[in-house]
Enquirer: 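Quick one: structure below, then a few questions.
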Amino acid sequence: MTVNEAARMIGVGRTKLYELIASGEIEAVKLGKSTRITTSSLHKLVMQRRAPG
């Protein structure tokens, strides 16, 4: 999915999403000039954040 779609889905801004990509918490794939986010990495992030300490 696009960066905007992914950011909207998890409730963060584009800048924060790019920070998560840079830190390796979310997997992104470059297709030409476009950046796409894998849905599996979003699900993984959400599940990690929901899990108790």
Side-chain angles (χ1 to χ4, degrees):
M1 69 180 52
T2 67
V3 171
N4 286 339
E5 292 169 338
R8 202 171 320 125
M9 179 182 256
I10 62 172
V12 299
R14 286 172 36 107
T15 303
K16 179 62 177 176
L17 188 65
Y18 279 113
E19 289 174 9
L20 293 169
I21 292 168
S23 70
E25 291 185 68
I26 290 181
E27 182 181 355
V29 178
K30 290 289 282 183
L31 299 172
K33 292 183 178 182
S34 300
T35 300
R36 296 292 185 248
I37 310 303
T38 63
T39 53
S40 61
S41 69
L42 289 179
H43 289 286
K44 184 177 174 182
L45 176 73
V46 170
M47 295 308 289
Q48 288 174 345
R49 299 282 169 106
R50 287 181 65 195

Enquirer: For Ser34, enumerate each residue passing the side-chain hydrogen bond (donor to acceptor under 3.5 Å, both in side chains) test, keeping only those at least two apart in sequence or located in another chain.
Expert: none
Enquirer: Would you compute the distance between atom CD1 of Ile37 and atom CG of Leu45 and round it to the nearest 0.5 angstrom?
Expert: 11.0 Å
Enquirer: Partners of Arg49 by side-chain hydrogen bond (donor to acceptor under 3.5 Å, both in side chains), sequence neighbours excluded?
Expert: Glu25
Enquirer: Could you tell me which residues satisfy side chain to side chain contact (heavy atoms under 4.5 Å, CB included) with Val12, sequence neighbours excluded, listed by chain and number?
Expert: Ala7, Ile10, Lys16, Leu17
Enquirer: Not counting sequence neighbours, which residues clear side chain to side chain contact (heavy atoms under 4.5 Å, CB included) with Met9? List them please.
Expert: Met1, Leu42
Enquirer: List for me each residue that meets side-chain hydrogen bond (donor to acceptor under 3.5 Å, both in side chains) alongside Lys33, sequence neighbours excluded, and say none if there are none.
Expert: none
Enquirer: Applying side-chain hydrogen bond (donor to acceptor under 3.5 Å, both in side chains), name anything that partners Arg14, two or more places apart in sequence or on another chain.
Expert: Asn4
